[in-house]
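Indexing begins at 1, ligand by ligand and atom by atom, following the structure's order. We use all heavy atoms of the structure for the numbers below, so side chains are in, but hydrogens, waters and symmetry mates are not.
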Amino acid sequence: MHKIVIKGGVPLNGEVQVSGAKNAVLPLLFATLLAEGQSEICNVPALRDIDTAVALLDILGATTERVADCCRIDATAIRSDEAPYDLVRTMRASVLVLGPLLARCGHARVSLPGGCAIGARPIDQHLKGFEALGARITLDHGYVEAQAERLRGAHIIFDMPTVGGTENLLMAAALAEGETIIENAAREPEIVQLAEALISMGAKIEGAGTARISIQGVSSLRPLEITVMPDRIEAGTFMIAAAMTGGDLLVRGARQQDQEVLLQKMVEAGVMIHPEQGGLRVVGPDKLLPVDVRTSAFPGFPTDMQAQFMVMMALARGTSRISENVFENRFMHVCELQRMGANISIDGHSAVIHGVEQLLGAPVMATDLRASACLVLAGLAAENTTEVSRIYHLDRGYERIEEKLAGLGARIERVSA
Ligand code: EPZ
């Protein structure tokens, strides 16, 4: 077990390179199951979740190889179509093998992911979509069994925009017979990249990035070659680190079009942001201004940036309100921030943040991926020393974060707990 120790109060200056997007790599890795032959995915970050996804591909019978920042996967011979519980429970995104296995093998058996810290996170919309495509779905001993001789195109309307549901159904429909329409589809940039990847494999897809996607099924697909887009959430996290510490930072790889609303809210908070040298230059103000935020599906304010924005508001001059409208339990960072002197109260899905002059270093505990990022940000801005424990959560989504931050002047190190 490790923890991260931070001596706060240092402005972050210089430049940092954003890694490949975790939430783009995961569906792309599973999309390789749709084709025989060797696929190659590059700009893949070194993250625990990626290792878990590659381990699952090995279990299913693909041969995998890591060469520099590329993953090579040959899914010619699939020997199993079961994603076991002890793996799925460590990474919910494993449910994204359902669509490809159903389309490729006509059968899949995947452990139900179960809830997680931030909410119940059911997959009912995924299953509703597969049934619409003609699959028979049964639940057995905590596993989802999906079976279909041949998937047939259908008109699917999601109850809510679901990133994973849209990705799973895109991959299944790519090999279904006839046309599939997905309405109320999620519009995240990672979905656009997945659609581009599937099209490069021979799929016929239109409308990715909008709420209505149409897919004309084809009989087979070619292997994939792609370079992963930059991680917009990692980029946003570094931008907030510069904003909170009064730093001057070039975030290389940050793309304005991936995070318009976040950028608008940061500018409203007094942060200076402008495009520069293939990234975004961020200069933190002397004093941050309070800004209200409501999270929603893309292109709204990303729920994955809610905790990070909240800790910035904890230092703003005034009162701000943040409502979390995507997940039902994503305020677990609040009690840890309160221990660092933040003045935050929760009322259901809303948090009211009264800015304070200074956060105070303290030992705190990470509970989920983005909450742990928020605690690191708090430590960077706080007086004295902050120790963040349970940082295995952090390692799921941030590549070498303490090295990257130390490179910007932060006094930060990883020590054994
Ligand atoms: C993806 O999760 C991301 N994970 C999450 O990032 C992100 O927070 C989330 O999208 C929302 O943007 C990956 O891409 C690997 P959803 P996903 O299906 O697909 C409900 C991170 O920090 N829902 O869009 O699981 C669900 O409960 C992670 O990197 C159903 O009710 O999210 C939630 O309230 C955390 N039934 C809402 O929809 C379903 O069948 C959005 O979930 C599916 C979803």
Side-chain heavy-atom pair [X], [Y] within 4.5 angstrom cut-off:
X: Ser19; Y: Asp231; result: no
X: Ile344; Y: Val352; result: no
X: Leu127; Y: Phe130; result: yes
X: Ile181; Y: Arg212; result: yes
X: Val293; Y: Ser323; result: no

Residue and atom name of the nearest protein heavy atom (relative to [atom]), distance in Å to one decimal:
atom: atom 17 (P) of ligand 1; result: Arg121 NH2, 3.8 Å
atom: atom 22 (O) of ligand 1; result: Arg370 NE, 2.9 Å
atom: atom 18 (O) of ligand 1; result: Thr162 OG1, 2.7 Å
atom: atom 32 (O) of ligand 1; result: Phe327 CZ, 4.1 Å
atom: atom 6 (O) of ligand 1; result: Asp304 OD2, 3.0 Å
atom: atom 3 (C) of ligand 1; result: Asn23 ND2, 3.7 Å

Show the atoms of ligand 1 that are less than 4.0 angstrom away from any heavy atom in [X].
X: Lys22; answer: 21 (C), 29 (O)
X: His126; answer: 40 (O)
X: Ile123; answer: 39 (C), 40 (O)

Next item on the list: May I ask you to say whether Glu149 pairs ionically with Arg136, meaning some side-chain N is under 4.0 Å from a carboxylate O?
Entry: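 So Glu149 pairs with Arg136 through a salt bridge.
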Check: Are Asp159 and Lys128 close enough for a salt bridge, meaning some N to O gap below 4.0 Å?
Finding: yes
With a 4.0 Å cut-off on heavy atoms, is [X] touching ligand 1?
X: Gly119; value: no
X: His393; value: no
X: Lys128; value: no

Classify the side-chain pair [X]/[Y] by whether it contains a donor and acceptor separated by less than 3.5 Å.
X: Arg187; Y: Thr210; answer: no
X: Glu179; Y: His155; answer: no
X: Asp140; Y: Thr138; answer: no
X: Glu328; Y: His349; answer: no
X: Arg330; Y: Gln306; answer: no
X: Asp368; Y: His393; answer: no

Mind checking whether [X] contacts ligand 1 via backbone (N, CA, C, O), side chain (CB onward), both or neither, at a 4.0 Å heavy-atom cut-off?
X: Arg330; value: side chain
X: Leu369; value: side chain
X: Glu190; value: neither
X: Asp124; value: both
X: Gln125; value: both

Check: Yes or no on side-chain contact (heavy atoms from CB on, under 4.5 Å) for Thr64 and Arg72, after CA distance, side-chain angles and deciding distance?
Finding: CA-CA 6 Å; Thr64 62; Arg72 289 184 186 149; over 6 Å; no
Nitrogen or oxygen atoms of [X] and ligand 1 under 3.5 Å apart:
X: Gly164; value: yes
X: Glu328; value: no
X: Arg92; value: no
X: Thr303; value: no
X: Glu167; value: no

Given [options], which one has a non-hydrogen atom that is nearest to [atom]?
atom: atom 44 (C) of ligand 1; options: Gly397, Ala371, Pro122, Ala53; result: Pro122
atom: atom 16 (P) of ligand 1; options: Val163, Asn329, Asn168; result: Val163
atom: atom 34 (O) of ligand 1; options: Thr166, Val326, Asp368; result: Val326
atom: atom 23 (N) of ligand 1; options: Glu234, Met160, Met305, Glu188; result: Met160

Item checked: Residue of the set Val261, Val326, Asp304 for which side-chain contact (heavy atoms from CB on, under 4.5 Å) holds with Thr295 ->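 Among Val261, Val326, Asp304, the one that satisfies the side-chain contact (heavy atoms from CB on, under 4.5 Å) with Thr295 is Val326.
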